[in-house]
Amino acid sequence: LRRRLEDAIDAREAELQRTELDRRLTEERVDVTMPGTPVRRGHLHLITQIRREVEDIFLGLGYTVVDGREVETTRYNFDGLNFPEGHPSRSPLQTLFLDAETVLRTETSPSQIRTMETQEPPIYIVSLGRVYRRDTPDATHTPTFHQVEGLAVDEGITLADLEGTLDYLLKALFGEARKTEFRTHHFPFTEPSIEAHVSCHMCDGSGCPICRHSGWIEIGGAGMVDPNLFEFVGYDAERYTGFAFGWGLERIAVLRHGIPDLRELWRNDPRLLRQF
């Protein structure tokens with residue numbers, strides 16, 4: 001009796017399904033030529049867009065794009081870049097160590113040393129990628145950010161070549177009308193050293209919290225390659241000179257588009273990201 005009941009239920013269920021299908025095929029009409037429901041497509045993140053733009057600028061100048069390692073040894077991250085033993089960057093309070101000799105790179109500069117070890121001048125490269133530092137997040141700092149690092153090594157390169165290259169890059173990124181300036185500074189791997197600043201267009205010149213009431217925001221450092229780096233890789237420091245620079249891509253985005261807080265770039269708010 002149970003088997004007969006189950007067979008009858010299954011047969012009736014199949015009959016009802018066939019009846020419903022016949023009804024839909026008879027009564028419903030689907031116009032296959034009608035456009036379907038639109039699906040919003042994503043696009044490249046603003047930092048990726050700026051990264052590719054910077055790459056295109058330097059490719060147009062004859063530079064080569066080099067990919068570096070995010071996990072580096074202290075030899076390339078510190079020793080090869082002329083950081084003294086007691087430099088604050090070597091402290092675990094500022095750098096993320098994986099073990100005593102391995103770190104998450106604090107800048108893309110190790111790519112310069114690795115490139116110089118494998119080839120002779122002339123060298124014209126840029127290296128772009130993610131870097132890590134123990135920074136407290138605020139409007140202009142995050143523990144993880146992106147840098148573009150540039151290196152030029154040849155005979156007869158001067159500080160004027162560096163400032164001319166950076167001025168060209170700044171005008172390409174921010175336009176001819178944006179004010180820029182270079183200030184003297186100090187970095188272990190360059191001598192002399194300079195910092196590039198761009199006028200803050202979030203304020204009227206009187207200052208704001210973003211530019212710390214100065215009217216200017218630093219993009220990054222630069223300078224002439226210290227001869228100690230050439231000795232480290234075996235170059236003739238009497239024959240070759242060079243320049244290097246390292247800039248943050250997030251700061252470029254903040255300065256160019258007037259984003260008040262670079263942390264907004266990583267909060268994944270479509271209302272902001274969809275604008276670019």
Using the ring of each side chain (for Trp, its six-membered ring), is Phe83 parallel, tilted or perpendicular to Phe78, with breaks at 30° and 60°?
-> perpendicular
Strictly by modelled atom types, are Asp135 and Thr142 linked by a side-chain donor-acceptor pair under 3.5 Å?
-> no
Expected list for residues 236-244: side-chain donor-acceptor pairs under 3.5 angstrom, two or more places apart:
from   : atom 1 : to     : atom 2 : distance (Å)
Asp236 : OD1    : Glu238 : N      : 3.0
Arg239 : NE     : Glu155 : OE2    : 2.8
Arg239 : NH2    : Glu155 : OE2    : 3.0
Thr241 : OG1    : Ile157 : N      : 3.0
Thr241 : OG1    : Ile157 : O      : 2.7

Examine the side chains of Ser109 and Glu149 and answer whether a donor and an acceptor come within less than 3.5 Å of each other.
-> yes
Is there a path from Leu249 to Leu44 through hydrophobic residues (I, L, V, M, F, W, Y) whose side chains come within less than 4.5 Å of each other?
-> no
Indicate yes or no: at least one non-hydrogen side-chain atom of Arg134 is less than 4.5 angstrom from one of Leu96.
-> yes
Partner set under side-chain hydrogen bond (donor to acceptor under 3.5 Å, both in side chains) for Thr95, not counting sequence neighbours = none
Heavy-atom count around Arg52 CZ within 6.0 Å, excluding the residue itself: above 12?
-> no
Flag, side chain of Asp7 to backbone of Arg4, donor-acceptor distance under 3.5 Å | no
Presence of salt bridge, Glu15 and Arg18, under 4.0 angstrom | no
Aromatic ring proximity Phe245/Phe189, centre distance under 6.0 Å = no
Determine whether Met116 and Phe230 make a side-chain contact, defined as any pair of heavy atoms from C-beta on separated by less than 4.5 Å.
-> yes
In terms of hydrophobic clusters joined by side-chain contacts under 4.5 Å, are Leu159 and Leu166 together?
-> yes
Side-chain heavy-atom pair Trp266, Ile47 within 4.5 angstrom cut-off = yes
Applied to residues 88-100, the salt bridge (Lys or Arg N to Asp or Glu O under 4.0 Å) test, sequence neighbours excluded, yields Asp79-Arg90
Please tell me if the side chains of Ile50 and Leu46 come closer than 4.5 Å, counting only heavy atoms from C-beta onward.
-> yes
Check step by step if salt bridge (charged side-chain N to carboxylate O under 4.0 Å, His left out) holds for Arg263 and Glu250.
-> CA-CA 9 Å; Arg263 289 172 293 185; Glu250 278 82 357; over 6 Å; no
Treating Ile, Leu, Val, Met, Phe, Trp and Tyr as nodes and any side-chain heavy-atom pair under 4.5 angstrom as an edge, say whether Trp247 and Tyr132 lie in one connected cluster.
-> no
Ring centres of Phe276 and His257 under 6.0 Å apart?
-> yes
